[in-house]
Number of protein chains: 2
Amino acid sequence: MQLDNRKKEVLHAIVDDYVSTNEPVGSKSLIERHSFQVSSATLRNDMAELEHLGLIEKPHTSAGRIPSDKGYREYVNSLMTIEELSPKEQLEIEKRIDSSVNEVTDLIKNATHTLSETTGFVSLAMSPRLKKSFLKQLKILMIEPGKALVVMVLSAGVVKDKVVRIPNFLNDEQIMKISGAIEKNLTGKPLDEITLVTVESAGKGTEVPEPLLKQVLYEAYAAIKQADELNIYLEGEHRMLNLPDFSSLGRARDLLGTLSDSGMVAGYINEMENVREHSGDDSFMIRIGQEIALEGLDDCSFITATYNLTDSVSGNIGVIGPKRMLYSKVISQIDFVKKKLNKEMQRLTEI
Amino acid sequence: MQLDNRKKEVLHAIVDDYVSTNEPVGSKSLIERHSFQVSSATLRNDMAELEHLGLIEKPHTSAGRIPSDKGYREYVNSLMTIEELSPKEQLEIEKRIDSSVNEVTDLIKNATHTLSETTGFVSLAMSPRLKKSFLKQLKILMIEPGKALVVMVLSAGVVKDKVVRIPNFLNDEQIMKISGAIEKNLTGKPLDEITLVTVESAGKGTEVPEPLLKQVLYEAYAAIKQADELNIYLEGEHRMLNLPDFSSLGRARDLLGTLSDSGMVAGYINEMENVREHSGDDSFMIRIGQEIALEGLDDCSFITATYNLTDSVSGNIGVIGPKRMLYSKVISQIDFVKKKLNKEMQRLTEI
DNA sequence: TGTTGGCACTCGAAGCGATAGAGTGCTAAT
DNA sequence: ATTAGCACTCTATCGCTTCGAGTGCCAACA
């Protein structure tokens with residue numbers, strides 16, 4: 001994008017003004033609010049040029065300009081400067097993210113909640129992708145005849161469990177044998193390398209009748225697979241209704257409708273994450289307006305960062321807000337929450 | 001309420017018409033839509049009377065009437081007749097509530113989701129109140145030095161667990177001893193009779209140094225207390241935006257704002273539940289409009305039923321919809337979902 | 001006494017025209 | 001390349017009128 005300096009400044013100013021006023025900005029008010037050394041007529045020429053490049057657009061013929069998706073993109077990529085949060089803001093976040101929590105899930109919910117409160121937008125987080133973590137322990141506990149609990153401890157310090165049905169007449173001792181065999185043979189294996197076949201061969205040699213054994217092994221396998229399922233946490237959907245951008249009920253409805261299908265949102269984040277991984281970019285994922293392939297989010301921007309539970313186990317945390325947002329501020333907020341989250345995660349996972 | 005028959009019919013008709021059209025209903029249209037054997041002038045007199053009794057009201061001087069909270073209340077208490085769902089509707093619900101689920105929590109989420117889809121409103125459920133259930137098993141598993149998992153099996157077939165911190169240098173054997181002592185002494189006790197003192201005395205006699213023992217016992221106690229904490233599940237908040245009743249953004253915002261504070265909603269349900277228990281009424285709790293002591297729910301009705309996990313362990317499931325709803329239909333839907341839920345719960349809890 | 005037809009009155013919703021104001025594009029001069 | 005000036009455009013808004021559904025009340029009637 002070959003823009004001379006003044007044009008860059010003009011675009012910057014238009015984005016800033018539009019973000020803060022929510023009104024299309026015209027050449028005159030631009031002169032008033034900023035100290036350009038040229039006249040409004042000159043800015044009009046520049047604006048015509050920016051419009052030609054598709055960076056800004058007019059809602060109607062005789063109105064001011066608003067940034068287009070492409071304009072916001074240019075702003076985010078090359079114009080804005082990111083500042084650190086003030087110590088006060090940092091403290092506020094530190095305080096809200098509770099350090100007394102002992103489970104990863106609670107910690108993530110905590111961070112999501114905090115992020116929604118500090119940004120005033122919808123926040124969301126994906127649970128850690130555990131497929132690269134490995135099994136450290138697996139125990140099967142009898143609950144009552146026919147029912148057992150599979151408890152797994154994963155390398156990332158995460159504990160998962162699942163209630164499963166087992167044949168009624170299996171006794172404690174048999175279950176212990178099977179449990180021991182699985183644990184012995186699968187400990188240290190990453191979850192994504194564990195298949196039904198692996199589990200079945202791990203259980204071989206246990207002196208339990210074949211069909212019964214097979215059922216238990218299947219259930220154990222199902223429990224392991226369930227452990228690496230992804231969860232998504234969304235918070236603060238109602239905040240969108242406070243934004244003038246969604247004062248039209250139709251838009252608000254479409255947006256909340258889409259967000260209510262958390263599976264769809266999770267799928268989209270996963271997709272984005274794959275792109276990020278392959279592009280080698282390790283900081284933020286930013287999607288603006290139509291770039292987001294979800295219905296009803298045309299007027300939104302979607303920003304996520306990646307947090308790490310361990311080196312190989314990570315998840316995402318971020319916000320969905322209006323396109324018309326203070327990008328630099330929001331990005332610093334996400335960044336700070338992410339860092340705090342990483343710190344707490346480390347506390348939880350180090351022995 | 002001493003109302004002659006025709007006045008009852010008039011109120012009935014006004015509620016029905018208003019529910020289906022969402023427009024204030026006048027004497028003339030009342031004549032048109034129903035076969036009253038009198039003139040519109042007569043109905044006008046009746047309506048003036050009903051207004052005097054506070055059962056209906058006018059949005060403004062020259063408009064038709066709409067039911068007041070008191071009017072809806074009268075309708076619900078003595079006018080409406082409840083019909084069973086059609087076999088088709090029943091089947092639809094049966095199908096949606098999945099029978100392959102093995103955990104109570106999943107089952108409840110499932111039922112909540114179904115209820116929101118069938119009614120088109122916000123649905124919600126409270127997790128079972130476990131304080132009357134008793135401990136069947138309690139195991140403490142070492143995860144790694146300094147970290148353990150407390151697993152509890154409760155009488156209602158519910159499994160709960162919590163990761164806890166323990167002193168670093170406790171070994172497997174010591175933990176097993178403590179775990180065994182607690183289990184031995186507390187099995188069969190209802191959760192609400194277990195206090196820190198009970199747990200501490202249960203752990204006595206274990207050959208583990210005093211301060212270490214005390215910490216573990218405290219953590220075990222905390223885990224037990226956490227097990228009977230209540231959870232609330234809310235679904236379909238976005239559906240409210242589809243209702244003409246909430247087309248004013250302000251109302252929608254207040255409503256969703258309140259619902260987003262799930263703790264507050266849970267507290268309110270608990271309060272309602274206490275009233276129900278003491279009044280001996282065992283069917284539905286219905287709260288209409290201003291009867292609901294929650295901000296922003298003035299235009300809503302709140303209907304819940306009680307489901308049972310076992311005889312002494314129960315929770316609630318219901319909906320929050322607009323006051324202007326088809327009460328008889330919604331009540332049958334809740335009732336049917338509740339019955340189905342009870343059935344599935346029984347399947348899960350019977351050995 | 002309960003019911004009815006008639007009538008004047010009320011009030012919001014919808015449609016219309018005029019006006020104001022912010023903004024644009026273009027042209028001609030610097 | 002920049003600027004002043006001007007004609008033009010489009011929306012938002014205000015006030016005005018009209019329309020219609022609905023009400024309350026009164027006098028007449030069974």
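A, B, ... follow the sequence lines: proteins, then strands. Residue 1 opens every chain. All values below come from the heavy atoms of this structure, side chains included, with hydrogens, waters and symmetry mates left out.
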Figure out the CG/P separation between Leu43(B) and dG2(C), and round it to whole Å.
-> 16 Å
Mind calculating the distance between CD1 (Ile31(A)) and P (dT2(D)) to the nearest angstrom?
-> 12 Å
Presence of Arg6(A) side-chain N/O under 4.0 Å of dA1(D) phosphate oxygens OP1/OP2 = no
Salt-bridge test for Glu273(B) and Arg276(B): reply yes if a basic N is under 4.0 Å from a carboxylate O, no otherwise.
-> yes
Decide yes or no, distance alone: a donor-acceptor N/O pair under 3.5 angstrom between the base of dG6(C) and the side-chain of Arg44(B).
-> yes
Is the distance from OP1 or OP2 of dG23(C) to the nearest side-chain N or O of Ser29(A) less than 4.0 Å?
-> yes
Phosphate OP1/OP2 of dT24(C): any Thr61(A) side-chain N/O under 4.0 Å | no
State whether Ser39(B) places a side-chain N or O below 4.0 Å from either non-bridging phosphate oxygen (OP1 or OP2) of dT3(C).
-> no
Is there a donor N/O on one and an acceptor N/O on the other, under 3.5 Å, for the side chain of Ser62(B) and the base of dT23(D)?
-> no
Tell me: NZ of Lys28(A) to P of dG25(C), nearest whole Å?
-> 15 Å
Rounding to a whole Å, what distance do you find between Met47(A):CE and dG23(C):P?
-> 9 Å
Find the distance His52(B):NE2 to dT23(D):P and express it as a whole number of Å.
-> 18 Å
Examine dA22(C): is either OP1 or OP2 under 4.0 Å from a nitrogen or oxygen in the side chain of Lys58(A)? Give yes or no.
-> no
Does Arg251(B) CZ have over 12 foreign heavy atoms under 6.0 Å away?
-> no
For Ser40(A), report the nucleic acid contact type (base, sugar-phosphate, nothing); a contact means any heavy atom under 4.0 Å.
-> nothing
Would you mind classifying the nucleic acid contact of Ala41(A) as base, sugar-phosphate or nothing, using non-hydrogen atoms under 4.0 angstrom?
-> base
Donor + acceptor pair across side chains of Ser78(B), Glu74(B) (<3.5 Å) | yes
From dT3(D), dT4(C), dG25(C), nucleotide with atom closest to Val38(B) side chain | dT4(C)
Atom-pair distance (CD on Glu23(B); P on dA21(D)), nearest Å | 11 Å
Got a salt bridge between Arg65(A) and Glu57(A), using NZ or NE/NH1/NH2 to carboxylate O under 4.0 Å?
-> no
Pairing of Arg73(A) and Glu291(A) as salt bridge, 4.0 angstrom limit = yes
On DNA chain C, more 5' by nearest nucleotide between Asn45(A) and Gly26(A) is Gly26(A)
For atom CZ of Arg65(A) and atom C1' of dA22(C), their distance in whole Å = 13 Å
Whole-Å gap separating C1' (dT24(C)) and CD (Glu57(A)) | 16 Å
